[in-house]
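For ligands, and for the atoms within them, numbers begin at 1 and follow the listed sequence. For clarity, every value in this text was computed on a predicted model and none was experimentally measured. For reference, positions follow the sequence shown, starting with 1.
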Amino acid sequence: MLESVYTFSIMIWNPEQECMNTEALHTLQFARLKNLVERVYHNVPFYRAKLDAAGVKPGDIKSLADIARLPFTSKDDLRDTYPYGLLAVPRAEIVEIHMSSGTTGTPVVDAYTQRDMDDWAEGMARTLSGAGGTRNDIVQNAYGYGLFTGGLGTHYGAQKIGATIIPISSGNTEKQLMLMRDFKSTIFTCTPSYALYMAEQAREMGIDPTSLGIRSGCFGAEPWSENMRKEIEKAWGIKAYDIYGLTEITGPGVAFECEGQYGMHVNEDLWYPEIIDPTTGAVLPEGQKGELVITTITKEGTPLIRYRTRDITFIIPERCGCGRTTRRIHRLFGRTDDLLIIRGVNVFPSQIEHALIEIQGVDPNYLIIVDRSAQTHLDEAELHVEVNASEFSDETKDMEHLRSRIEAVMKSKLGINLRVKLVEPKSIERSIGKAKRVIDKRQI
Ligand code: DLL
């Protein structure tokens, strides 16, 4: 094994792959891409039909740039081929299956061979190392275990770096805090909203979260903002790292933040990223915001070609100072399908959260309810915002002042009129996994 490379102060897990020179990386990616197209063309009828329809044969892939000739794969394709339609190996080669329930209909399935499992553990080993994790750490893993990839993905990565893992799964907040205290956990992993909730519960139980000795945390699986990072870091006295992945593309471990905490390094030797214009499908240059598309260049079980993630970001054009040469994607801006269009104005729920954190007296717990008036047929949006326990007052005048201030901030920052309803501290339902922020009644 190579000697570990230290830049900043944190160890890079796999310098041979993560710090490869760009030319060598492109050569590797091209060889893997070519092999992938051969494999799916010959083993998956769905892909053969798709490539034939696009007029592309495996032999046409002569450079990495030829990836743009390949057709996209979408979530609907995954649903249409449920459960085994995208298998590129005999079923007996599959050692594990995960799936995401999604909010509607048929689940999307990911099936892994042993090699896929190794790649997954590798991606998560790099992720945890990016957050400073080593064999000396105690990782308390509060992502849900089961079909969701957060729990087991983190588990495999923590095992790979040789850390001690506490597989507590999500929920059971009191026990989480007790184990943190008793076992002296040093890293914890969960959704960002659960991290904030846990801190709130700790304080309620008379425990100062900063006294628990956690050093850092890997948070992802849902949108969060830079301000929310600050809140989490302050509440726990830790460094909070953004991590990214999705069930269809193996799970968490696709991209992760390093000590620089600006953008997430994509494990590009395993998952090849592109950014496209979501309307035209054209590939966009680095620095330009669009939809992230990923090709699983080493995946054996259920490989995906140019999978449209619907996640919006851009590739950061500059190379990172940490020593890794892998490209970074910017913190996610939202999803193409999260986008709320309220009276013609585009709003991502994350923008609301961002604006709220800057307002004194409210917590970043909110719910937005959108409906359409039966009389005017216009969209109407109501924003429920939790008042901070210390600011909550029986004085109608004070509350009214706060309410109109929030409405004014939303109007100036988002350009929409939202009716704000202040609700009591802790009255919005907390989540132990992904937080639900939007109820859109217009589709019902
Ligand atoms: O959420 C995998 C995961 C587990 C990622 C643990 C990170 C940590 P899914 O349930 O399939 O898989 O949801 C994937 O969640 O397409 C994004 O829209 C969103 N998402 C994931 N990570 C982030 C992040 C897991 N860091 C979907 N920031 C993705 C914003 C994220 N959104």
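Checking only distances, Leu246 never comes within under 3.5 Å of ligand 1, N or O to N or O. Ligand 1 has an N or O atom lying under 3.5 Å from an N or O atom of Ile243, backbone or side chain. Any N or O atom pair closer than 3.5 Å counts here, and Arg335 shares at least one such pair with ligand 1. Some N or O of Asp311 is nearer than 3.5 Å to an N or O of ligand 1, by distance alone.
None of Arg335, Arg310, Arg308 except one satisfies the side chain to side chain donor-acceptor pair (under 3.5 Å) rule with Glu291; the exception is Arg308.
When each atom of ligand 1 is checked for a heavy atom of Asp242 under 4.0 Å away, the hits are 24 (C), 26 (N). Annotation for ligand 1: atoms under 4.0 Å from non-hydrogen atoms of Thr247 are 9 (P), 10 (O), 11 (O), 12 (O). The distance from ligand 1 to the heavy atoms of Tyr244 drops below 4.0 Å at these ligand atoms: 21 (C), 22 (N), 23 (C). Short contacts between ligand 1 and Pro223, defined as distances under 4.0 Å to a heavy atom of the residue, involve ligand atoms 30 (C), 32 (N).
Taking atom 7 (C) of ligand 1 as the reference point, the nearest protein heavy-atom neighbour is Ala221 N, 3.3 Å. Nearest to atom 8 (C) of ligand 1 among the protein's heavy atoms is Tyr143 OH, 3.5 Å. Of the protein's non-hydrogen atoms, the one nearest atom 31 (C) of ligand 1 is Glu222 N, 3.6 Å.
A salt bridge is absent between Lys299 and Asp119: the closest approach of a Lys/Arg side-chain nitrogen to an acidic carboxylate oxygen does not fall below 4.0 angstrom. A salt bridge does not link Glu226 with Lys230: none of the charged nitrogens is closer than 4.0 Å to a carboxylate oxygen. The pair Arg437-Glu222 does not meet the salt-bridge criterion, since no charged nitrogen lies less than 4.0 angstrom from a carboxylate oxygen.
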**Message:** Would Tyr307 and Leu78 count as a side chain to side chain contact (heavy atoms under 4.5 Å, CB included) here? Give the steps.
**Reply:** CA-CA 10 Å; Tyr307 182 67; Leu78 267 71; 3.8 Å; yes
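Here the side chain of Thr154 pairs no donor or acceptor atom with the backbone of Asn141 at under 3.5 angstrom. With hydrogens and angles disregarded, no donor-acceptor distance shorter than 3.5 Å links the side chain of Trp13 to the backbone of Gly123.
When the heavy-atom distances from atom 3 (C) of ligand 1 to Ser225, Cys190, Gly334, Pro252 are ranked, the shortest goes to Pro252.
The shortest separation from a heavy atom of Lys434 to ligand 1 is under 4.0 Å, placing the residue in contact.
Between Phe219 and Phe188, the ring planes lie perpendicular to each other; the angle is over 60°, past the 30° to 60° tilted range. Ring planes of Tyr112 and His98: perpendicular class, angle over 60° (limits at 30 and 60°).
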